[in-house]
Amino acid sequence: MSRPPLKKQIALPLLFAAVFGLTLYVLHTISGAPLTKVMANPDGALEWTMRFVSIAFWLSVAFAAVRALNELVFLVFRKRKGYEAPGLMRDLFSLVLYVTSLAVILKQHFESLSFGALLSGSALLGIILGLALQDTLGNLFSGISLHADKPFQVGDVLTVGKWTGVVMSITWRAVKIKTFSNHIVLVSNSSIAKESIEVCPRDGQNARIVNFSTVYTHSPVKVIHAVREAIRECDNVLRYMTPVVRIRNLGDSVVEWEVKYWLSDYARHNDTDALVRQRIWYAFRRNGFDFGSPVRTIHMAQAAQQDGEGRTAETLAEILSDVDIFSPLSSDELNTLALNVRGHVFAPGETIIRAGDSGSSMFVVHRGSVDVRVDSNGTPRTIKRLGEGEFFGEMALFTGEPRTANVVAAEETEVLEIGHDAMKGLFETNPDLVEALSHTINERRAGLAANSSTPISEEDTPDGLLFRIKRFFRLD
Ligand code: CMP
């Protein structure tokens, strides 16, 4: 729980100090007695009142001063250590200062007061209080030892007994955790000291394991590659730790797998597990893998005449006829092209094309939209959103150069992938298509040069590019 700002914390004590100070001044003007006398030896009701008003004044000042000092000291702490000091430490710090200030103020006003005698005289009282406050003191001391050991901090994920959640605060009495169902649980410090606890540090390399299965016919190498690639760029998955995909068991009817991945923020592991499963699902769909359900096996049996999405060549030809660049094609050409096209579905945020990779196919957006992203001084920047009927990936396909940008699905997006050989067939009979595409490539190169901080290969003259495409495709 966050503390109120300093201004709010000291406003009231300062207001009281002003009121008591003013009262003291008025009383002093009326009685004419010097303050030193009032503090040492008050005489009469007025001077006794002055003494108590003086105590109240100094207590208010001390209150404001302790709060301000607390803020200052723990501001320095935060700056030096990089994290917020635990509430218990702050409370103890203030408590010590409050008790000291009270002792000094009382001693100033009651010279004869002896704290030594007070402490020894109250030994019996101490025993009685100790017994009454047994649990509270137990919590306090467990809290102090928790702080000395520092097994966890605010923001870590803690499992204690049947509870798991994110640590919200650590006070002198209990640790407050927020469970993943958004419930607040207070676990007393003494039960934490007694129980075994599991801590997943906020910025540690915490791993998670997600299970899935495949049928026996799929190549393990292909499954490992597809799953690893699919989850590599999920939000909250650590990029520098390569996920481990491995066979967990050879079951009766399916191969049982597990993928181990590392998270940046463990507190979001439920969402990240779900995202990882979602990405595995999309990767399976694109690669024609089967999780092993009987229903899916029936679909797989029909896959030979269909694309990855279960569509026939006729349906694909119809879809392609609506795409602008293919409008000059005859229906025979569209049918031939459709035979060589595969549909793939990508999840929102999934990378379809990665800058720098080599590429031997282009894509038409059939459903959804994609963002073309380039690196601009170290941060990814979207330079273009391409929607239904638009295409991408043509630059590497037609020039043989590496991919020039990242292309990321902006929503669930279905793309139609067209390979090198299919395009070659079309170019042979449609020289206009080559020309139209070379124009698009030159325009996009200009867009890239204007938006990217990485050098882009020089823009060709339209004729030069046309020549290079023809040479690459061995036309003429
Ligand atoms: P390619 O280089 O194969 O892979 C990245 C793709 O992003 C690229 O082909 C183009 O299809 C697309 N692309 C690059 N720059 C632009 C741009 N300025 N406008 C639209 N698309 C682009």
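One-based numbering, in listed order, for ligands and for the atoms of each.
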Nitrogen or oxygen of [X] less than 3.5 angstrom from that of ligand 1:
| X | answer |
| --- | --- |
| Arg403 | yes |
| Val372 | no |
| Gly393 | yes |

Please name all residues satisfying ring-ring contact (aromatic ring centres under 6.0 Å, His included) with Tyr216, sequence neighbours left out, ordered by chain then number.
none
To which protein heavy atom is [atom] closest, and what is the distance rounded to 0.1 Å?
| atom | answer |
| --- | --- |
| atom 20 (C) of ligand 1 | Arg444 NE, 3.3 Å |
| atom 2 (O) of ligand 1 | Thr404 OG1, 2.6 Å |
| atom 15 (N) of ligand 1 | Leu448 CG, 3.3 Å |

Compute the ring centroids of Phe427 and Phe398, then answer whether they are less than 6.0 Å apart.
yes
Taking the six-membered ring for Trp and the single ring otherwise, decide whether the centroids of Phe93 and Phe74 are under 6.0 Å apart.
yes
Check ligand 1 against Ala396 and write out every atom of the ligand that is under 4.0 Å from a heavy-atom position of the residue.
1 (P), 2 (O), 3 (O)
Report, one line per pair, each donor and acceptor closer than 3.5 Å where one atom sits in a side chain of residues 315-326; sequence neighbours left out.
residue, atom, partner, partner atom, Å
Thr315, OG1, Thr312, OG1, 2.7
Ser321, OG, Glu318, O, 2.6

Does only the side chain of Asn406 get under 4.0 Å from ligand 1, or the backbone, or both, or neither? Count heavy atoms.
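Contact part for Asn406 vs ligand 1: neither.
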Looking at Tyr266, is its backbone amide N or carbonyl O close enough to the side chain of His269 to form a donor-acceptor pair, meaning the two atoms are under 3.5 Å apart?
yes
